[in-house]
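Beneath this line is the structure, given in structure tokens, with notes to follow.
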Amino acid sequence: MLTRLVLGLVILLLAWPLQANRDPLHVELHLEPPHLDPTLTPASTVAEATYGNIFQGLTRINRDGEVEPLLARDWILSPDGLTYTFHLREGVHFHNGRLLTPEVVVFSLERLLDPAGGNSQRELYASIRKVEALAAQRVRIELHYPDSLLLFRLGLSAAVLVEPDSAETNTEQPVGTGPYRVTHWDAAKNRLNLYAFADYWGDKPAISEALITFTSNRVELEASLLEGQIDLYPNISPMDSVVRLTERGDYVINNGVTQGETLLVMNHAHPALADRRVRQAINHAIDKRELLNIYPRANPPLIGSHFSPLDAAYVDLVDYYPYDPGRARDLLLEAGYAQGLTLRFRVPPALYAQQASLYLADYLEAVGINIQLERVTWPQWLEEVFNEQRYDLTVIAHVEPLDLDIYAREDYYFNYVSEDFQQLWQAITREADPVQRQLLLGQAQELLAADAVHVFLHIKPQQSIRKKGLRGFWINAPVPAVMLEELYWE
Amino acid sequence: MKWGLTVKVTLLSCLVVAVLLMAVGFALVAFKQYKTTLERVTGEQLEALMTATRLVQQTEGLVNASAMLLLAENHIKRREALFEAQDRKEWINRLVDELQAHPGVRIHNEDLEPSRNQLIANLNRINELVRQRINLRADVYFQESTNRDDLRQLERINAEIGEMIRANEELSKDLTVAVSYQVNQLRSSMRMEVEDLNFRILHQENRLLITVLLAFALVLLTSFYIHRFVVARVIELQRALSQTHPQPSDIPVRGEDEIAWMAQSIHRYVGKIQENENKILEMNRELSFLATHDALTQLHNRHFFDRRIHEITHCQEDKSYSAAMIDIDLFKAVNDSLGHAAGDQVIKAFARLLRGSLPEEVLLARIGGEEFAVVFADQSFDEARQYLDSFRQKLHKQPIHLADQTVRITASLGLAGYCPAGSINACLKRADELLYEAKQQGRNQLKMQRLTEVDLC
């Protein structure tokens, strides 16, 4: 009996370090983040790394795209739809030890609403009039007008809660309430080490340690995958080696969908692109169906406007501008650009953008537009294209759900100014009746198509690759997120 | 200061533990060396080796990219190849930086950089040439009239591309050779480090083995010590004490420790017991003597005599006995004239003479004031008669010297003889009668009778 006990203990002791010494989960996110504060950048790669892992909001969006309570246990909406009272969870600690209080929520939301605060999604929260701390872990949000999307938007990465002591340094040392805290961030090598937060208010996650890398270089990324270094890469879509990797046996590929619209974005500040005929010509020049060949194992839906086919208000405008190079040349001739139009096409390092740009450049050159194809790094794209608007064309997926409002924003990097659209958007935001609202959303989609604001290509596919045995991953990405908390090894 | 067993055993145990700790220490040192080397080999060397290997791959890949560029029949393929080449170039740059950051690697950047730069410049040139070629080909194939100049230019471009590709292959080979050299260096360094580690671990293993043997020897030594100096001595002590009559001389008292101290106490104790026992034995002997002897003459007393007679009567020994009764003649006169003290002296002298006159084995007792009895067992009747008569004559001739005077006394004797053990009482009785007869007939004489069976009945 004793011998058996001793033997058991010895075996346990021998086995224990093996159990404990599993390598950190290695997640690859491709695009290098400008910093680590999701409230200060539109870069979805920051959200993917931090949302739900480091930072959390009052609500959250789950894997099915539904709103769930998170740091707010529950809430009450006043009958007039103008006042939300949120009841906060008790005993929630930030990674620096600070407690979550109504005052912290007020600070965080006021920071979000502050025009000088730098939140690129600030306009999504324009309905908020006032945020007030109440006793007994309660926060009141008063609205200018009823906003049915508010709870959804409070669950986005732009609205995660931050606290005053660390808000300024979150870009380099993020401090949130999430299940993981940052143990090391090597900005030069783009390596982010996370470890399970001991004082986390929720359940202890199955994965206690994670390494997130951002490998922009396609060749390097491909080599890392082939060497088996990566456990999870949520967006492998346009990579030739996908086919080879699926045959290996150690990786599993999942096809999912996102809410992200892939666009050939045109800068309306360019004199030629300000001309709707030129934009229409560009739309006719592109064979959207053929372009899908860049995805070897996915077949994402085509779009004709900035709207997800998964949404009830979707209007099919795919063939608004059928592929017609002849018509494109005619329109260019009509606009006075039959010869000599040269456009600077700046391409971010996202794989789909790189791959698509090859074909898009070829289509455009085929109708007589000279293309200066220029690859830029992701921080360069964010800075020079998104912020400074130094580009003529670019290709990018807008992954934020229900973000039609960007066409109504002044000074957005599209430089699209349409009073019609702005009025329509105002009407949409204030329309409480769902049927009427859906109609208005349809009109907005048609207006964008008619104006040929961009070339609306297709929904960005979410083809993820993961090690066999890794479970709990979001196949679809209703919001950009890699929920480490929900992952586990089989 | 005297070092007791506890201190000695503790010291020995400490020595064993110290040696064992030393063994554990050696093992830990070996593990640490192993760990450090393994970490360095896997963490740095292997990483550097991987980096170098990737660098070789990517450098070769760059040549492939120029081949892909060369083969591009349209701008999509051309740009795709260019993108790939740019990615490889960007990664190569970082790989070179990483490799140079590694302490064990000495890449002469000034040697590599021109090659790399030339390679990239060539790639860009190839890209431009291929771009022109694609456009020219489109012109040549799709335009109605074939332009001779265009064809010539196409030939020239093709030739130049060929040159570039060959140049790139050469450059790539240079790079590959340079980096491969480093790969080899790294591999050698890793192998050496592992060999060195193996050697050191072997060394530690030997030390560990020696230490373990030493520890084992120390354990044996400790056991031997405990057995020899504790257990054996306790057993010796126990054996000495287990004897029926333990003697102080049997108790081992050597040494200067707790057991020795205990043995010394036991030794003293046993000595005392021994002493007391001797005293008791002495007293016993005295008591026993007093019970069986006459205090004045030191001869056996009546009590003893009667017991012996009783024993003889019942012993059924096949012996013939003679019995004699002796009485000092006119002793009352001696007592009366010289006093009791002198009388006692006379009786003592008489007894001394009587004892001296008879063989040692003869039973002799004082059975009354001046009356003595003798039983002969091993002597013949005649021998008995001779002994007694000789005594009577000695007494008669030899005066007894007292403190201040000399006394002459005589004795009357009756001897009856030759009776078996069972008839000894009858024999005694007859001797007494014969004594009486001797007294009657004038004293100082021996009356005797050889008894027949009839006399005894």
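None of the values given here were measured: they were computed from a predicted structure. Side chains are part of it too, since the values below use all heavy atoms of this structure and drop only hydrogens, waters and symmetry mates. In what follows, every chain begins at residue 1, and chains take the letters A, B, ... in the order their sequences are listed.
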Legend entry - Least distance between heavy atoms, B/Arg79 atom then A/Ile371 atom: NH2-O, 3.6 Å
Legend entry - Portion of B/Gln86 that has a non-hydrogen atom of chain A nearer than 4.5 angstrom: both
Inset, instruction - Inspect the surroundings of CZ in A/Arg344 and state if more than 12 heavy atoms from other residues, nucleotides or ligands are less than 6.0 Å away. - result: yes
Legend entry - A/Glu227 and B/Arg54, any side-chain heavy atoms less than 4.5 Å apart: yes
Inset, instruction - Just give me the residue among A/Glu220, A/Glu365, A/Gln354 that pairs up with chain B most often, heavy atom to heavy atom, under 4.5 Å. - result: A/Glu220
Legend entry - OH (A/Tyr323) with more than 12 external heavy atoms under 6.0 Å: yes
Legend entry - Verdict with reasoning, B/Glu80 to A/Gln355, per side-chain hydrogen bond (donor to acceptor under 3.5 Å, both in side chains): CA-CA 8 Å; B/Glu80 200 171 14; A/Gln355 208 62 17; 3.1 Å; yes
Legend entry - Set of residues satisfying side chain to side chain donor-acceptor pair (under 3.5 Å) with respect to B/Asp196, sequence neighbours excluded: B/Arg200
Inset, instruction - Measure the shortest side-chain to side-chain distance between A/Thr215 and B/Trp91 over non-hydrogen atoms and say whether it is less than 4.5 angstrom. - result: no
Legend entry - Euclidean distance, A/Asn217 CG relative to B/Ile92 CD1, rounded to 0.5 Å: 10.0 Å
Legend entry - Contacting moiety of B/Arg94, where chain A heavy atoms sit under 4.5 Å: side chain
Legend entry - With A/Trp378 via ring pair (Phe, Tyr, Trp, His ring centres under 6.0 Å) - residues at least two apart: A/Trp381
Inset, instruction - Determine, for A/Arg375 against B/Asp87, whether the closest basic-nitrogen to carboxylate-oxygen distance falls under 4.0 angstrom. - result: yes
Inset, instruction - Count the heavy atoms belonging to other residues, nucleotides or ligands that lie under 6.0 Å from NZ of A/Lys467, then report whether that count exceeds 12. - result: yes
Legend entry - Contacting moiety of A/Ser357, where chain B heavy atoms sit under 4.5 Å: side chain
Inset, instruction - Could you tell me which non-hydrogen atom of A/Leu358 sits nearest to which non-hydrogen atom of B/Ile76, and how far apart they are? - result: O-CG1, 3.7 Å
Legend entry - Within 6.0 angstrom of B/Met68 CE, more than 12 heavy atoms from elsewhere: no
